[in-house]
Every structure is written in structure tokens, then in C-alpha cells.
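One structure below.
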2 protein chains.
Amino acid sequence: MTENESGRDGPIEIIQREMTAFARRARASAARMHPELSLVSFTLLSHLEDRGGCRATDLAAYYTLDKSTISRQVGALEKAGLVERRLDPDDHRVQVLHLTERGTGLLKGVTDSRRVAFRERLAGWSGPDLERFAEYLLRYNAGAPEGEVS
Amino acid sequence: MTENESGRDGPIEIIQREMTAFARRARASAARMHPELSLVSFTLLSHLEDRGGCRATDLAAYYTLDKSTISRQVGALEKAGLVERRLDPDDHRVQVLHLTERGTGLLKGVTDSRRVAFRERLAGWSGPDLERFAEYLLRYNAGAPEGEVS
DNA sequence: ACTCAATGTTGTACTGTACAACCATTAGTG
DNA sequence: CACTAATGGTTGTACAGTACAACATTGAGT
């Protein structure tokens with residue numbers, strides 16, 4: 001092994017820098033595009049839609065966020081009428097969270113316009129390049145350290 | 001063009017989701033790894049090192065941050081002894097920012113340990129895959145919307 | 001010389017987040 | 001069964017990061 005691992009450090013440096021750059025911008029960028037739904041809210045709502053409802057604890061575990069953070073986020077989403085809490089009849093500690101109709105609608109709008117933005121941004125890419133890039137990202141994120149599953 | 005642009009939407013959806021997931025985690029992840037230097041501080045210090053010193057306004061423009069944000073960030077970095085402000089003799093409005101010795105040292109430490117982390121995370125990747133992934137990320141970020149150059 | 005632009009700092013406010021203390025409820029054990 | 005422990009959630013508090021607007025200082029252009 002050479003000093004920089006046989007030239008692997010070049011690409012690694014770039015990957016590090018570019019992922020970091022992206023991360024630094026993403027929140028603000030998302031906020032500019034969708035002032036009505038932050039990146040965090042968007043992902044929480046998406047998760048709710050994917051799962052067809054889940055508990056606050058599940059969200060906390062999935063996103064590695066504190067339960068208090070989730071509690072307040074969900075509180076805000078509820079106040080905005082995007083989410084509703086249903087008491088679980090079997091376990092009265094639990095509130096099952098569901099998208100409201102309004103939440104579903106807003107999520108759909110934002111999802112669509114995000115898709116359009118990504119489509120535009122990736123417009124010049126060939127099909128195979130898109131597929132490889134997607135695959136690389138999956139692989140990269142799958143290797144996330146302990147407890148950072150998404 | 002079919003409804004979903006000839007199957008391009010699959011990968012696009014994945015790219016969107018995975019980039020977003022990464023962005024959501026990056027800050028907290030960086031903070032866990034390096035409690036002594038936030039992701040933002042790290043990038044500011046890096047920029048200073050790259051450029052060999054620059055003005056607060058340059059940082060603000062480069063990172064699309066408000067000048068007040070930069071002012072306070074730099075203030076904190078200065079208080080921590082990582083950065084020093086030198087009055088520009090030609091223009092007394094300007095402070096040229098430079099890494100201190102301590103700043104250089106800390107930056108080096110964090111940079112190294114980040115490199116190690118990324119190396120580990122990408123350990124199973126082939127050379128060509130690393131290169132392609134790096135290339136894709138560059139290309140992707142180069143296509144960032146207006147004013148989001150890094 | 002006067003006005004205008006550029007550089008920064010400070011006051012204020014909001015979001016996202018964590019941690020710790022707490023309440024309510026359920027589960028496990030002697 | 002009764003008590004203790006674990007689980008689910010909320011609330012108090014604190015901090016980082018950020019923006020916007022008002023301001024002070026300094027330099028530039030007519």
C-alpha cells in the first residue's frame with residue numbers, strides 16, 4: 001500500500017468535500033424552494049406516508065433524533081393540520097401518527113415539485129449514469145456508521 | 001417520452017432520497033465525530049487554508065451565508081484562537097482572516113481523522129467505482145442552482 | 001464635498017436540536 | 001397481586017446556526 005493507498009485518496013477527498021458541500025446547503029436550499037415545509041418536516045411526512053402511519057418513537061429511532069425533537073416537530077405538524085394523532089386503543093401510551101388529507105396533499109405537491117427540480121438538475125445525465133449514481137449513493141449511505149440508517 | 005421519462009424517475013427518486021438522507025444526518029454526524037469543530041467551522045477553516053486567508057465577505061458570498069452569520073462564526077473562531085483578523089492596510093473596512101498556528105493544527109487533525117473515516121467507509125469500493133462516484137458528485141454539485149457554488 | 005456603496009457588527013428572532021426531569025401507562029417479577 | 005422497571009411522550013431549558021434589519025465606519029465616484 002502506498003502512502004495514499006494507491007491513489008484512492010484523490011477520489012475520496014473529492015467525495016468527502018462534495019458530500020459535505022451538499023450537506024451544508026441542503027437545508028437552506030430546501031427552505032428556499034419550499035418555505036411551507038422544511039426538509040425535516042418533509043422527511044417526517046414522507047416516512048408517515050410510506051409506512052401508512054407510525055409512532056413518534058419509530059420516527060425518533062429511524063431518524064436518530066431525540067424524542068423531544070420529534071414531539072415538537074409533530075406538534076407543529078399537527079397544529080398545521082398536516083398530521084393527526086390517534087390514540088392507540090391497545091396501548092394508551094402510544095399515539096399513532098397519520099397524515100391528514102391536507103398533509104397528504106401538501107406532501108404530494110412538494111414531492112412533485114422536488115421531483116421536477118431534481119429532474120431538471122439531472123437533465124443532462126444519461127440513463128446509465130443516473131443508475132450508477134443512484135446505486136453508488138445507496139451503497140454509500142448503506143455504509144453509514146452505527147445507528148444512522150436514514 | 002413516457003410518463004416517467006423513460007424510466008429515469010426511478011434513479012432520480014433514489015438520488016433525491018439518498019442525498020436528502022445524507023444531508024439530514026451530516027451535521028449531527030460531524031458533531032459526534034468532532035465535537036471541537038462543527039461542520040460549518042470546519043468548512044470555513046478549510047476555505048481559509050485553501051485561499052491562504054480571505055475576507056469575511058468572501059466567505060459569505062462563497063457559502064451563501066449572511067454576513068452577520070459569518071461575523072459571528074468568525075468571532076467564535078477567533079475567540080477559540082483558531083483564526084486571526086488582520087486589518088487590511090489598503091482598505092480599513094476590511095479584515096483579512098488568517099488561520100492561526102493553532103487553527104492550522106486543529107484543522108489538520110480534523111481533516112486527517114475525517115479522511116480516515118471516509119477511507120473506512122469507502123474501504124470496500126474498487127478504484128474505478130471511487131473515481132466514478134467522485135466524478136458524479138462533482139457533476140451533480142456543479143449543477144447546483146444559482147448562487148450555490150459550494 | 002457630498003452622496004453612495006461596501007464591510008462589518010450588533011440587536012433580535014426563529015428553527016432545529018439535545019438533555020434531563022417528569023407524567024402516564026404497560027410489562028415483568030417475586 | 002403488588003411493586004418495580006421499562007416504554008412512550010411532553011415540557012423546561014439551553015445552545016448552535018441562521019437571517020434580517022439597523023447601524024457605524026470607511027472608501028469611491030461625480
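Lettering of chains follows the sequences in order, A, B, ..., and the numbering in each one begins at 1.
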Geometric class of the B:Y140/A:W125 ring pair [parallel <30°, tilted 30-60°, perpendicular >60°]: perpendicular

Close side-chain approach of B:R51 and B:Y62, heavy atoms under 4.5 Å: yes

Whole-Å distance separating the CZ atom of B:F42 from the C1' atom of D:dA16: 19 Å

Side-chain donor-acceptor contact under 3.5 Å, B:S71 with B:S68: no

Divergence of helical axes at both termini of the helix from C:dA1-D:dT30 to C:dG30-D:dC1 - five pairs an end, 10° steps: 10°

Nearest-angstrom distance from the residue atom CZ of B:R55 to P of C:dT9: 13 Å

Distance test, side-chain N/O of B:R85 to OP1/OP2 of C:dT9, below 4.0 Å: yes

Atom-to-atom span, CZ of B:R27 to P of D:dG17 - whole angstrom: 8 Å

Main-chain N/O of B:L39 paired to B:T43 side chain as donor or acceptor, under 3.5 Å: yes

Nearest-Å distance for atom pair CG/C1', residues B:D58 and C:dT7: 11 Å

Donor on one side chain, acceptor on other, B:S46 and A:R17, under 3.5 Å: no

B:Y63 side chain to A:R24 side chain, donor-acceptor N/O pair below 3.5 angstrom: no

Annotated protein contacts, base or backbone, on nucleotides 20-30 of chain D with a non-hydrogen cut-off under 4.0 Å, one of B, S, - each: BB----BS---

Between P of C:dG16 and CG of A:L59, the distance in whole Å: 15 Å

Contacts of A:H34 that satisfy ring-ring contact (aromatic ring centres under 6.0 Å, His included) - sequence neighbours left out: none

Whole-Å distance separating the CD atom of B:E36 from the P atom of D:dA16: 15 Å

Phosphate OP1/OP2 of D:dT18 contacted by A:R25 side-chain N/O (<4.0 Å): no

Touch class at under 4.0 angstrom, heavy-atom based, for B:I70 against every strand present: nothing

Spacing of CG belonging to B:L130 relative to CZ belonging to A:R8, to within rounding of 0.5 Å: 4.5 Å

Check: B:S38/B:R27 side-chain N/O donor and acceptor closer than 3.5 Å: no

Most 5' of B:V74 and A:V40 on DNA chain C, judged by nearest nucleotide: B:V74

Any A:S71 side-chain nitrogen or oxygen under 4.0 Å from OP1 or OP2 of D:dG8: no

Below 4.0 Å: OP1/OP2 of C:dA18 and any side-chain N or O of B:R32: no

Which nucleotide in D:dG8, C:dG16, C:dT7 has an atom nearest any side-chain atom of A:Q73: C:dG16

Length of the line joining B:L39:CG and D:dG17:P, which is rounded to integer Å: 9 Å

Atom pair distance, as rounded to whole Å: CG in A:L65 and C1' in D:dA16: 15 Å

Donor-acceptor contact below 3.5 Å, side chain A:T104 vs main chain A:L99: no

